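Keep in mind the model is a prediction, meaning the values are calculated, not measured.
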Amino acid sequence: MLTTETLKPPRAKTAQPSTEAYARSLGLKSRAAAVAVRNLSAAKRNAVLKRLRASLLDNQKIILRENALDVEAGRVAGLSEALLDRLLLNEKRIASMADGLKSIIAFPDPLGRELDRKVRKDGLEIARVAAPIGTIFFIFESRPNVTVDGGALCFKSGNAVILRGGKEAARSNAALASLFHKALKAEGVTTDAVQLVNTPAREVVDALLADIRHIDLVIPRGGENLIRAVTEKARVPVIKHYKGVCHVYLDATSDPVQAEEIALNAKVQRPGVCNAMETLLWDKRLKPERMRSLLEKLAAAGVELRGDSVTRKLLPGVKAASESDWDEEYLDLVLAVRSVDGVEGAVEHIRKHGTGHTDAIVAKSAKAQKIFLEGVDSSSVMVNASTRFADGGEYGLGAEVGISTDKLHARGPMGMESLTTYRWVVTGKGHVRK
């Protein structure tokens, strides 16, 4: 068992190396660790994760104590309830982390998979084989569970990882990183395989983003400002999504019960996450009383409604939506609502204001579904299902490192396979090119 003292963030020393030297040290250690990790057997990688899972459950009280200090500091600092929710750990969320680890352990080894093989007429064998990316710099905000989820996914897929969480979760992240190091040590694996940046200094981040010699990939997970800042400064490749302006469109053919349940779930269940609905689109042909009933239920759930002129006529108290509301990721109990001219109008709106994250249609009409699926080019497109399902765990990927709205390398929820690349293995018998 760990003690509270063990899990505290490192205290500042009187003489610390420069931020540049510290960043360079992180990169060098991670590059060396990547060589060691990629050569570990799948059994050894799983053994580390099994120890981590057991340690996570054994040390719940201490983790929750450290997290409570982070949450209280965040409350004093004026963080919104949605951000505090992202920061919060409880027994249920720790159990969810443990379940995520169990899923990761159960997954087949993603390395060494033969993706393709060709044998030429002259007998030369050409194979494409899954391989780790190498060293990953993972930057995230608020959610301390990412320390475990992201670290475990990177490690299982044969990568070394440098984790940099937000200062608001410093104690929680330090506690969880300590558990990871304990598991690595117990299995005789270098703790440099999973490093946690122990300073809030932005200069360290900037130096790592420019470290093309030692870092192979950057994954930022957080708000739009973080991701834009990382993308603008990085010289290392970045997998990103700027924001999740997720839409739910209610077609005139939608089932009334399904429409209400999906809209309420997409907005209210957990509003502070990137797959929550931010804009509700509805077909002008829907009966006014149906939409009025839904708006009343959303308002009763504490949602602030901002609507177009047609929507505002349905319910007193709906605020006028500005043009900027259609592009807003609220991450809170705020919802933009707009009437549209059928599925074509919904597709047009999403093309203009969507961010390529997750968009949903609720419709019985197969024709409307087809138009929506063909017209909306997002990483996840839902038919008669809540946007909240856009998640690695829900897709059967285990824990996820994030959701990519890029189209190169990875798209949508990123699990283990998204953290691998491939290399060509060519086998001959003294072959020479003529």
Side-chain angles (χ1 to χ4, degrees), residues 1-10 26 29-30 32-67 89-112 132 135-136 138 140 143-163 165 169 171-198 392-393 397-401 415-416 419-420:
M1 293 280 288
L2 298 179
T3 65
T4 303
E5 189 65 31
T6 306
L7 296 179
K8 286 182 178 179
L26 288 170
K29 289 179 180 178
S30 192
V35 176
V37 174
R38 79 181 181 213
N39 289 317
L40 291 175
S41 67
K44 176 62 76 173
R45 280 177 270 136
N46 282 337
V48 171
L49 297 181
K50 286 176 183 176
R51 285 186 181 273
L52 173 59
R53 184 175 184 271
S55 188
L56 194 67
L57 296 171
D58 289 342
N59 290 280
Q60 286 189 75
K61 289 183 179 179
I62 297 175
I63 296 169
L64 293 176
R65 192 180 307 155
E66 295 299 295
N67 180 251
L89 289 178
N90 52 35
E91 289 186 0
K92 182 178 180 181
R93 291 183 182 179
I94 291 176
S96 179
M97 280 192 280
D99 287 344
L101 285 171
K102 188 176 181 180
S103 297
I104 292 170
I105 292 164
F107 263 76
D109 185 6
L111 303 181
T135 57
I136 296 174
F138 198 155
F140 57 99
R143 297 183 197 171
N145 64 288
V146 177
T147 301
V148 171
D149 296 347
L153 282 167
C154 290
F155 181 75
K156 174 69 182 265
S157 53
N159 300 289
V161 62
I162 300 171
L163 299 163
R171 287 179 175 272
S172 305
N173 292 335
L176 296 169
S178 293
L179 296 179
F180 219 132
H181 283 182
K182 180 183 177 184
L184 289 163
K185 282 182 180 178
E187 291 296 329
V189 180
T190 174
T191 57
D192 293 339
V194 181
Q195 298 183 84
L196 179 69
V197 177
N198 62 14
L397 304 177
E400 69 177 29
V401 291
M416 270 185 293
L419 293 174
T420 63

Heavy atoms only: give me the nearest [X]-[Y] pair and the separation to one decimal.
| X | Y | answer |
| --- | --- | --- |
| C154 | L419 | N-CD1, 3.8 Å |
| P132 | S157 | CB-O, 3.4 Å |
| T190 | L184 | O-CD1, 3.9 Å |
| S172 | P144 | CB-CB, 3.6 Å |
| P110 | T420 | CB-CG2, 4.1 Å |
| V161 | G151 | CG1-CA, 4.2 Å |

Find the distance between [atom1] ([X]) and [atom2] ([Y]) and round it off to the nearest 0.5 Å.
| X | Y | atom1 | atom2 | answer |
| --- | --- | --- | --- | --- |
| I105 | L49 | CD1 | CG | 5.0 Å |
| D192 | K29 | CG | NZ | 5.5 Å |
| I162 | L196 | CD1 | CG | 10.5 Å |
| L64 | N59 | CG | CG | 10.5 Å |
| F180 | L56 | CZ | CG | 10.5 Å |
| T135 | R38 | OG1 | CZ | 11.0 Å |

Please evaluate residues F155 and V37 with respect to the criterion side chain to side chain contact (heavy atoms under 4.5 Å, CB included), reporting the C-alpha separation (whole Å), side-chain torsions for both, the decisive distance (0.1 Å), and the verdict. CA-CA 7 Å; F155 181 75; V37 174; 4.0 Å; yes
So does [Y] get a backbone contact from the side chain of [X], meaning a donor-acceptor N/O pair under 3.5 Å?
| X | Y | answer |
| --- | --- | --- |
| N67 | L89 | yes |
| Q195 | L26 | yes |
| K156 | F107 | yes |
| S178 | A174 | yes |

With M416, which of L153, V401, L111 fulfils side-chain contact (heavy atoms from CB on, under 4.5 Å)? L153
Give me the one residue out of L176, V194, V146, V197 that meets side-chain contact (heavy atoms from CB on, under 4.5 Å) with L163. V194
Test item: E91 and I94 side chains (from C-beta on) under 4.5 Å apart, heavy atoms: no
Check whether any side-chain heavy atom of V48 lies under 4.5 Å from a side-chain heavy atom of L52, and answer yes or no. no
Can you tell which of K50, K44, R45 makes a side chain to side chain donor-acceptor pair (under 3.5 Å) with E187? K44
Suppose we screen for salt bridge (Lys or Arg N to Asp or Glu O under 4.0 Å). Which residues come up paired with R53, at least two apart in sequence or across chains? none
